[in-house]
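This report refers to the structure that appears directly beneath it.
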Amino acid sequence: MDMSGEEDCIFCKIVRGEIPASVVFEDEQCMAFMDIFPVGQGHCLLIPKEHHTNMLDVDLGLAAHLGRRLAELTRAVHKTFSPDGVLNVVANGPGAGQEVPHLHIHIIPRNHGADFGFRFPEGYRDSMAPRDELDRLAASIRKNIPR
Ligand code: 5GP
Ligand code: ZN
């Protein structure tokens, strides 16, 4: 657990009730609330109550719990707004676009043609990666997966 900055962490403050939030639900381990700057109607965030920076340091048992709650929340958001689709987005680290350093998963309803979304760069399918390179990369990641 990353204890640095927990005192000042905006999401820890929400968990402690020190600043207001529009809470969707909470249980012992996690909490979901509406994003204060929604990119679209229904944009909410799922967080662990305990302070972890992101997926790189979160306790794995807690990650499993969040996974289940994420599926439930995503279905609830879909049922509520009937969008064309729902994005689940997690930025792990500033390089990935993480601004609030407390693990959070975005749940964002999205309709066709919306002016936001996860996009690959133009032309990325121009050439397929060579199989031997993909096999080599898969093996190097596999080495770091716990058995
Ligand atoms: P990130 O860029 O770190 O993935 O996303 C952080 C998200 O937290 C942003 O979508 C931002 O709108 C949201 N956010 C930042 N401060 C607050 C806050 O005080 N309350 C709520 N509800 N959302 C916040
Ligand atoms: Zn925090």
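The structure displayed is predicted, hence computed values, not measured ones. Remember, it's 1-based here, ligands and their atoms both numbered in the order they're listed.
Taking the six-membered ring where tryptophan is involved, the planes of Phe11 and Phe33 are perpendicular, since the angle between them exceeds 60° and thus also 30°. By the 30° and 60° cut-offs, the orientation of the rings of Phe118 relative to Phe120 is perpendicular.
Atoms of ligand 1 found under 4.0 Å from any heavy atom of Ile10 (numbered from 1 in listed order, with element): 19 (O). Short contacts between ligand 1 and His106, defined as distances under 4.0 Å to a heavy atom of the residue, involve ligand atoms 1 (P), 4 (O), 5 (O), 7 (C), 10 (O). Shown in contact with Ile14 at under 4.0 Å from a heavy atom are these atoms of ligand 1, numbered in order with element: 20 (N).
Here the protein heavy atom with the shortest distance to atom 18 (C) of ligand 1 is Ile36 CG2, 3.9 Å. Distance from atom 6 (C) of ligand 1 to its nearest protein heavy atom, with residue and atom name: His104 NE2, 3.4 Å. Residue, atom and distance of the protein heavy atom nearest to atom 10 (O) of ligand 1 are Asp35 OD2, 2.5 Å.
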Verdict with supporting geometry, Phe116 and Ile108, side-chain contact (heavy atoms from CB on, under 4.5 Å)
CA-CA 10 Å; Phe116 66 89; Ile108 314 173; 3.6 Å; yes
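In terms of N/O distances under 3.5 Å, ligand 1 is approached by Val100.
Using a 4.0 Å cut-off between heavy atoms, Met34 contacts ligand 1 through its backbone alone, with no side-chain atom that close. No part of Val39 comes within 4.0 Å of ligand 1, judged by heavy-atom distances. Contact annotation for Leu45 and ligand 1: only side-chain heavy atoms (C-beta onward) come within less than 4.0 Å of the ligand.
Atom 8 (O) of ligand 1 has its nearest heavy-atom neighbour, among Phe33, Phe37, Phe11, in Phe11. Of the options Lys13, His102, Glu99, His43, the smallest heavy-atom separation from atom 3 (O) of ligand 1 is shown by Glu99.
With hydrogens and angles ignored, the 3.5 Å screen pairs a side-chain donor or acceptor of Asn92 with a backbone N or O of Met55. Checking side-chain atoms of Asn111 against main-chain N and O of Ala114 turns up no donor-acceptor pair under 3.5 Å. Of the possible donor and acceptor atoms, none in the side chain of Glu18 sits under 3.5 Å from a partner among the backbone N and O of Cys12. A donor-acceptor pair under 3.5 Å is formed between the side chain of Gln98 and the backbone N or O of Val100. The closest donor-acceptor contact from the side chain of His78 to the backbone of Thr74 lies at 3.5 Å or more, if one exists at all.
Under 3.5 Å, the side chains of Asp27 and His65 contain a donor-acceptor pair of N or O atoms.
In this structure, Gly97 has a heavy atom closer than 4.0 Å to ligand 1.
Taking the N/O/S atoms of His102 in turn, the shortest distance to the Zn ion (ligand 2) belongs to ND1.
Hydrophobic clustering of Ile, Leu, Val, Met, Phe, Trp and Tyr side chains at less than 4.5 Å, counting indirect connections, keeps Leu70 apart from Val23.
Not one N/O/S atom of His52, from backbone or side chain, sits under 2.8 Å from the Zn ion (ligand 2).
Between His51 atom ND1 and Cys12 atom SG, the angle centred on the Zn ion (ligand 2) amounts to 110° (nearest 10°).
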